Amino acid sequence: MHITTIGSANATVANAPVRGSSAASAESARIRSDVDAARNTARSALNNDRFRVMLEQISDPGASGALATMNSDSQNVVDFNTAQSRYAENSN
């Protein structure tokens, strides 16, 4: 999956006029900061290969159904300690 950004939302938000009191200005600045943080987080997630793979896996109808019911497609059952150690190995 590849997402391309067209234009600049940063310029639109940053140049938006601020009206009213200084409290409104502070609120607008806080909102701009929150929007920028959310945008940066989304970009980071979209450029992360592990996130992309996970998204592809849960987008599969069979996998998403198994996740929803917390069932496994196979009879392979993994105990908690094994799952935790595999997660630790893959987190490095």
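This is a predicted model, so every value here is computed, not measured.
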Rounded to the nearest 0.5 Å, what's the gap from CZ on R30 to OG on S25? Could you check? 13.5 Å
Just wondering, do R52 and N48 contact through their side chains at under 4.5 Å, heavy atoms? no
Distance, nearest 0.5 Å, that separates CD of E89 from CD of Q84: 11.5 Å
Interatomic distance, L55 atom CG to S59 atom OG [nearest 0.5 angstrom]: 4.5 Å
Counting distance only, does the side-chain N/O of S44 pair as donor-acceptor with the main-chain N or O of N40 below 3.5 Å? no
Side-chain donor or acceptor of S33 paired with backbone N/O of A29 under 3.5 Å: no
